[in-house]
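In the text below, chain A, chain B and the rest are named by the order of the sequence lines, each starting its count at 1.
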Number of protein chains: 2
Amino acid sequence: MRRPRLNSLRTFEAAARRLSFSLAAEELNISQAAVSQQMRALEAYLGAPLFHRHHRRISLTSVGRTYLSAVQEALDRLDTITDQLFPDRPDQSVSIRCSSMVATLWLAPRIDAFRRAFSHIDLHIRTLDYEPLPNQQPSTDFEVLVAPQNSETPLMRPLFDAQILPVASAGFLAGQGVRRPQDLLACNLIHILGYENDWHRWFKTHHTGTVTLPHGLTVDSSLFAIDAALRGDGVILGRRPFIDKYLQSGALKQVFAPPLALSSTYYLRHHAGRQTTRNKQAVFDWLLAQG
Amino acid sequence: MRRPRLNSLRTFEAAARRLSFSLAAEELNISQAAVSQQMRALEAYLGAPLFHRHHRRISLTSVGRTYLSAVQEALDRLDTITDQLFPDRPDQSVSIRCSSMVATLWLAPRIDAFRRAFSHIDLHIRTLDYEPLPNQQPSTDFEVLVAPQNSETPLMRPLFDAQILPVASAGFLAGQGVRRPQDLLACNLIHILGYENDWHRWFKTHHTGTVTLPHGLTVDSSLFAIDAALRGDGVILGRRPFIDKYLQSGALKQVFAPPLALSSTYYLRHHAGRQTTRNKQAVFDWLLAQG
DNA sequence: ACTATCCATAAGGTAATCTAATGCAAAGGC
DNA sequence: GCCTTTGCATTAGATTACCTTATGGATAGT
């Protein structure tokens with residue numbers, strides 16, 4: 001006897017509130033045609049038109065207006081109680097742990113696209129620059145981390161390869177005349193806590209002979225290091241693709257021609273201990289595609 | 001952010017109210033497996049169990065109980081306002097016009113099956129024994145009527161062929177010794193208003209020679225005629241399949257061996273003037289399959 | 001023990017729903 | 001006025017959600 005197509009009431013609410021099928025479609029992340037069809041079906045089911053169709057706009061019929069307020073009230077009530085009773089729905093939020101550099105320079109620029117692709121999913125970002133304790137229960141769904149090559153498993157897939165190479169501001173470089181790796185030893189090298197070894201690795205790879213590293217500035221975050229380099233405080237071991245935008249804008253310059261770089265692989269790890277849902281899997285795949 | 005699978009709330013309401021997936025499935029006309037899957041999906045979505053699973057029964061969790069009352073209130077509200085605003089939903093009811101005999105002896109025995117097949121559809125039966133005025137707007141979706149053979153069109157399909165043959169109660173026949181058609185002329189023939197011609201047709205077909213019909217009892221409805229025959233008041237021209245159940249039980253007997261019968265075709269007509277919906281089409285097909 | 005009952009699960013099919021492409025009509029820009 | 005843009009309708013085809021059938025496990029009743 002009674003059975004409105006409940007899902008289509010969500011569509012009706014949006015279309016009636018926005019007074020536009022197109023805007024409702026955008027809001028619901030479906031096509032305009034889908035809204036049109038659903039409304040046609042709903043009206044056929046109810047046996048009365050809900051909308052007046054004008055040339056380039058729609059308006060509510062009298063009964064449509066009445067129905068809208070009733071539907072809004074019922075859906076509001078339902079949504080409110082659902083949110084109250086089930087505040088954190090695992091399938092509706094995704095948490096990801098990564099360094100502040102990854103968060104700021106890789107993830108943040110993609111958040112807009114993320115929201116477009118997954119408008120109904122909350123994204124929780126937790127930045128932690130230190131290494132996780134190996135035996136600890138993971139607290140996030142995903143994690144972006146650096147690991148040796150060939151670390152790939154189904155739950156830990158390569159995201160991108162980072163190039164680690166010396167960069168500095170154009171202004172800083174102009175005054176130094178750096179040509180060969182060993183010339184760098186005379187410059188202000190900027191060090192990052194937790195990554196102290198990188199300069200050693202770099203010199204070991206690209207310079208033969210013993211090296212005594214100058215200790216100019218040491219900062220505790222890659223982001224600060226980049227800031228310092230942008231201000232012309234010295235040379236950092238920058239990591240592409242994070243610093244690509246500064247290289248493109250010319251704010252930072254590569255000290256040498258491309259080959260003089262280290263490489264390390266960033267992985268995206270899926271913590272299987274936590275419940276794996278369809279949505280999380282979709283986000284996992286989307287993030288990989290961004291790599 | 002928020003998006004409960006609205007349709008599954010209907011299932012939840014039924015399952016929680018009946019405290020049984022099987023009974024809910026029956027009520028909703030879906031399989032038990034479908035209920036089980038929907039509840040699993042809903043719980044996964046909400047991130048919390050709604051039911052305790054016991055050995056052969058389920059019970060609500062505390063949060064499930066709270067959710068049930070909220071969902072019931074919201075759905076009730078929605079259903080109430082929908083029924084108020086749209087009292088006659090064309091897709092939710094089907095009307096059919098037929099004679100009282102067809103209604104009582106053909107349709108009524110099938111109503112149970114109909115409700116099982118279309119539990120959400122209201123069936124309106126209008127019995128009218130007189131012929132419809134040809135140029136009048138049809139007031140029902142379907143109509144069962146007798147028409148000449150070869151009357152078939154896409155909108156008017158043959159439902160079954162009725163055999164018209166003399167029958168009477170066993171007790172009545174025992175006292176009469178009827179052997180040949182003309183023996184009938186000495187019996188009480190029961191006539192039906194509107195079908196007066198049938199006896200003439202029968203004698204014309206199965207008896208050569210002029211006939212003067214005895215006029216015993218005349219009733220204004222086939223149902224009364226059958227009643228009269230059951231009481232032993234005389235012989236009627238009964239119509240199979242309507243009287244099949246009396247023949248099977250022995251309450252009525254065929255006066256002659258089977259060949260001595262007339263035949264007429266009952267059709268199911270679909271009134272296209274009225275809105276044709278998916279449901280109405282399904283009912284049309286179902287009725288034809290019953291024929 | 002044995003049977004019947006109820007829920008869970010998996011595989012596969014059906015039906016609902018969506019998208020992409022296109023049409024149409026009117027409004028707004030030039 | 002003509003042209004472009006905008007918004008809804010419609011269709012066919014693809015995709016996804018949903019349902020059914022079949023099966024298994026567990027237990028309560030016989």
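Listed here is the closest heavy atom pair of B/Ser8 and B/Leu42: OG-CD1, 3.7 Å.
D/dT6 atom C1' lies 16 Å from atom NE2 of A/His54, rounded to whole Å. B/Arg10 has its CZ atom 21 Å from the P atom of D/dA17, to the nearest Å. Spacing between atom NE2 of B/His52 and atom P of C/dC6 amounts to 20 Å, rounded to whole angstrom units. Atoms OH (A/Tyr45) and C1' (C/dA16) sit 16 Å apart, rounded to a whole Å. Rounding to whole angstrom units, CZ of residue B/Arg40 and P of D/dC19 are separated by 13 Å. B/Arg18 has its CZ atom 12 Å from the P atom of C/dC7, to the nearest Å. Atom-to-atom, CD of B/Glu26 to C1' of D/dT20 comes out at 16 Å; the value is rounded to the nearest Å. B/Arg5 has its CZ atom 6 Å from the P atom of D/dA17, to the nearest Å.
Here the rule is side chain to side chain donor-acceptor pair (under 3.5 Å) with B/Ser59, and of B/His54, B/Arg53, B/His52 only B/His54 fits it.
A donor atom on one side chain and an acceptor atom on the other are not found under 3.5 Å apart for A/Thr140 and A/His124.
Here C/dC7 is the nucleotide among C/dC18, D/dC19, C/dC7 with the atom lying nearest to any side-chain atom of B/Phe21. Of the candidates C/dC6, D/dA9, C/dA8, the closest approach to any side-chain atom of A/Ser36 belongs to D/dA9. Distance from the side chain of B/Gln38 is smallest to D/dC18 among D/dG7, D/dC18, D/dT11. Listed nucleotides: C/dC18, C/dA20, D/dT21. Nearest to the side chain of A/Ala33: C/dA20.
Note on B/Arg57: nothing from the nucleic acid sits closer than 4.0 angstrom, heavy atoms only. Nucleic acid contact for A/Arg53: sugar-phosphate only, since backbone atoms but no base atoms lie under 4.0 Å from a heavy atom of the residue.
Taking the side chain as every heavy atom from C-beta outward, B/Leu75 and A/Leu6 approach each other to under 4.5 Å. Two residues are said to be in side-chain contact when any heavy atoms from C-beta on lie closer than 4.5 Å; B/Phe114 and B/Gln290 fail this criterion.
If A/Gln32 and B/His55 are placed on DNA chain D by their nearest nucleotide, the residue sitting closer to the 5' end is A/Gln32. Each of A/Ser31 and A/Arg56 lies near DNA chain C, and the nucleotide nearest A/Ser31 is the one positioned closer to the 5' end. Nearer to the 5' terminus of DNA chain D, by closest-nucleotide assignment, is the contact made by A/Ser22 (compared with the other of A/Gln37 and A/Ser22).
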